[in-house]
Amino acid sequence: MRRTAFETIEAPDFDLALTLDSGQAFHWERAGAGFVGAIGDRAVYVEQCGSVLKVRDGEPPTLPRVISRYFSLDHPLAEICASFPNDPAMRTASDYCRGLRIIRQPRWECLATFITSSMKQVAHIRQISRTLRRRFGETRTVHGIETHVYPAARRIAELNEVELRKCALGYRAKNLLSTARLISRGEVDLDRLATLPDEELRARLCELPGVGAKIANCVLLFAYERLRAFPIDVWIERILRERYLQRRRKLTSEKLRQFCNEYFGAYGGYAQQYLFHHARTTASQKRKPSSTKPAPRLSRKAR
DNA sequence: ATACAGGCTCGCC
DNA sequence: GGCGAGCCTGTA
């Protein structure tokens, strides 16, 4: 029986590969000319041909609306970019990231993934996500390729710390487990939190084990459509210090937060993602710059 | 080999 | 209420 044909979706101002490689989601795999991954429970194949996406669901019918919503094809990208502050760093990043969109991820999956991301490089975050999915997530097939959905909170909740540590989570295992159990028991309802305003939502997320300001802001941005949320990680902090706040001393995290909120404005999350992705990808090309020291946060224990 | 990652959390001052 | 150290593990 012949496989169903692709559906197509109009996707102007969109760069699929760039978006999937920008460190928002960590499970999409290249498959031929496209990518295979899961959107919630659905296995999906997506391929970009110019301004059109060819898509296919593992269990037809294919639902273009699910896909266009996931990739936020409705975001007014021109308006968003026009809202950015007009400075050299922002212009460079903005040109470099044309077509990069902030995607809408399922809440638990996003929260869990970022809990496992702390102090990790992208390659390793991907690996942890893959291991958790393969061991504990349901299997799906699309485009002749197997993929796995992210395990639900209640599935994680019934594991123990030892099993999770075997997935290379290290100290993050305890945090993921505790948070999964809170959610599984219904003590926290991620969907209900969606009605809260930004500040309150952030505060509630920060109550979860393993969630601080940075991870909470990632979840606000990638799972709650709060496009003003501005996660500050080591990359962004470096950029802010080097390009925006050179001569300021005594930069507390509170002052950084304030500056970002005011300076980058209503679409700060987009600005952050562009700055972040530009810095991260161009830094790995240079490979040498001896002046690019990892910033003054390196006190390690000597042995 | 060894430093260091897209942090959070404590204990100390 | 700011600052530093410890926590795990894979990658460069």
Side-chain angles (χ1 to χ4, degrees), chain A residues 19-27 93 97 100 102-103 105 110-132 160-179 182 202-223 229-242 249-257 260 268-290 292-303:
Chain A
T19 298
L20 291 180
D21 185 42
S22 66
Q24 307 181 57
F26 301 90
H27 69 286
C97 296
L100 196 171
I102 302 287
I103 65 183
Q105 301 186 44
C110 180
L111 171 64
T113 303
F114 278 95
I115 285 176
T116 64
S117 79
S118 101
M119 211 58 204
K120 283 294 177 195
Q121 303 178 123
V122 170
H124 196 195
I125 302 168
R126 293 181 66 90
Q127 183 185 314
I128 291 173
S129 169
R130 187 164 50 239
T131 306
L132 289 173
N160 59 51
E161 194 179 328
V162 174
E163 291 173 280
L164 284 175
R165 277 184 180 257
K166 285 181 188 159
C167 302
L169 269 89
Y171 64 87
R172 303 157 195 82
K174 185 195 284 274
N175 294 332
L176 181 63
L177 185 58
S178 303
T179 296
L182 281 172
R202 177 164 29 240
R204 298 296 301 277
L205 290 173
C206 284
E207 291 171 2
L208 300 171
V211 180
K214 190 271 178 184
I215 290 174
N217 278 325
C218 284
V219 178
L220 254 70
L221 181 58
F222 301 134
F230 198 103
I232 300 177
D233 53 47
V234 291
W235 289 94
I236 288 295
E237 183 168 341
R238 199 175 308 156
I239 294 167
L240 291 174
R241 289 178 186 278
E242 288 174 2
R249 312 160 189 275
K250 280 194 27 178
L251 274 180
T252 61
S253 53
E254 175 56 21
K255 284 183 181 169
L256 277 180
R257 192 198 62 74
C260 295
Y270 258 95
Q272 177 274 159
Q273 195 63 20
Y274 285 17
L275 290 169
F276 169 78
H277 187 252
H278 175 252
R280 190 173 71 83
T281 52
T282 56
S284 60
Q285 284 169 9
K286 291 190 211 159
R287 204 61 285 197
K288 344 186 52 181
S290 53
T292 318
K293 280 186 278 197
R297 58 178 357 268
L298 50 152
S299 44
R300 273 299 118 189
K301 59 169 176 226
R303 97 168 22 159

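In what follows, every chain begins at residue 1, and chains take the letters A, B, ... in the order their sequences are listed.
- Applying the side chain to side chain donor-acceptor pair (under 3.5 Å) test to pairs two or more places apart or on separate chains, those with a residue in residues 161-175 of chain A are S118(A)-Y171(A), N160(A)-E163(A), E161(A)-R165(A).
- Under the side chain to side chain donor-acceptor pair (under 3.5 Å) criterion, Q127(A) pairs with no residue, sequence neighbours left out.
- Counting non-hydrogen atoms under 4.0 angstrom, I215(A) reaches the backbone sugars and phosphates but no base.
- Remark: the backbone N or O of L176(A) is not paired with any side-chain donor or acceptor of T179(A) at under 3.5 angstrom.
- Between dA5(C) and dC4(B), the two P atoms lie 14 Å apart (nearest whole Å).
- For Y274(A), the side chain to side chain donor-acceptor pair (under 3.5 Å) criterion is met by no residue, not counting sequence neighbours.
- Distance CE/M119(A) to CD1/I125(A): 11.5 Å, rounded to 0.5 Å.
- Distance CD (E237(A)) to C1' (dG6(B)): 12 Å, rounded to an integer number of Å.
- At a non-hydrogen distance threshold of 4.0 Å, K120(A), Q121(A), V122(A) from residues 120-132 of chain A come into contact with DNA chain B.
- Here E207(A) pairs with R204(A) under the salt bridge (Lys or Arg N to Asp or Glu O under 4.0 Å) rule; sequence neighbours left out.
- Residues satisfying the ring-ring contact (aromatic ring centres under 6.0 Å, His included) test with H278(A), not counting sequence neighbours, are Y96(A).
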Could you walk me through whether T113(A) and H27(A) satisfy the side chain to side chain contact (heavy atoms under 4.5 Å, CB included) test, starting with their C-alpha distance in whole Å, then the side-chain angles of each, then the deciding distance to 0.1 Å, before giving a yes or no?
CA-CA 10 Å; T113(A) 303; H27(A) 69 286; over 6 Å; no

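- Distance CZ/R257(A) to CD1/I232(A): 8.5 Å, rounded to 0.5 Å.
- Rounded to whole angstrom, the span from the CG atom of L111(A) across to the P atom of dC8(B) amounts to 12 Å.
- A heavy-atom distance below 4.0 Å to DNA chain B is reached by these residues of residues 166-174 of chain A, ordered by number: Y171(A).
- In this structure, CH2 of W235(A) is placed 16 Å from C1' of dG7(B), rounded to the nearest angstrom.
- With both ends at atom P, the span from dG6(C) to dA3(B) equals 15 Å, rounded to whole Å.
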Between the protein and nucleotides 9-13 of chain B, are there any N/O to N/O pairs under 3.5 Å, and if so, what are the atom names and distances?
from: dT9(B); atom 1: OP1; to: G210(A); atom 2: N; distance (Å): 3.0

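- dG6(B) atom P lies 14 Å from atom CZ of F222(A), rounded to whole Å.
- For the pair D233(A) CG and dC8(B) P, the interatomic distance rounds to 10 Å; values are reported in whole Å.
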List, with names and distances, any nitrogen or oxygen atoms from the protein found under 3.5 Å away from nitrogen or oxygen atoms belonging to nucleotides 1-3 of chain C.
none

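- Summarising the geometry, atom CG belonging to L132(A) is positioned 6.5 Å from atom CG belonging to L164(A); distances are rounded to the nearest 0.5 Å.
- Comparing dG10(C) with dT9(B), their P atoms are spaced 23 Å from each other, to the whole Å.
- The gap from the P atom of dG11(B) to that of dC8(C) amounts to 15 Å, rounded to the nearest Å.
- At whole-Å resolution of the value, CD1 in I239(A) and P in dG6(B) are 12 Å apart.
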Watson-Crick and G-U pairing of DNA chain B, under 3.5 Å, as dot-bracket with | and [ ]:
.||||.|||||||

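- A straight line from CZ of F26(A) to C1' of dT11(C) spans 16 Å, rounded to a whole angstrom.
- Of the possible donor and acceptor atoms, none in the side chain of Q24(A) sits under 3.5 Å from a partner among the backbone N and O of L221(A).
- Not counting sequence neighbours, the partners of F114(A) by the ring-ring contact (aromatic ring centres under 6.0 Å, His included) test are F26(A), F222(A).
- Side chains of L205(A) and L220(A) form a contact here, defined as non-hydrogen atoms less than 4.5 Å apart.
- Interface remark: the K214(A) side chain does form a donor-acceptor pair with the dG6(B) base, using a distance-only criterion of under 3.5 Å.
- Under the side chain to side chain donor-acceptor pair (under 3.5 Å) criterion, R130(A) pairs with E29(A), sequence neighbours left out.
- D233(A) places none of its side-chain heavy atoms less than 4.5 Å from the side chain of C218(A).
- Separating the CZ atom of R238(A) from the P atom of dC4(B) is a distance of 11 Å, rounded to the nearest angstrom.
- Here the side chain of Q273(A) pairs a donor or acceptor atom with the backbone of S22(A) at under 3.5 angstrom.
- Contact between C167(A) and I128(A) at its shortest, heavy atoms only, is O-CG1, 4.1 Å.
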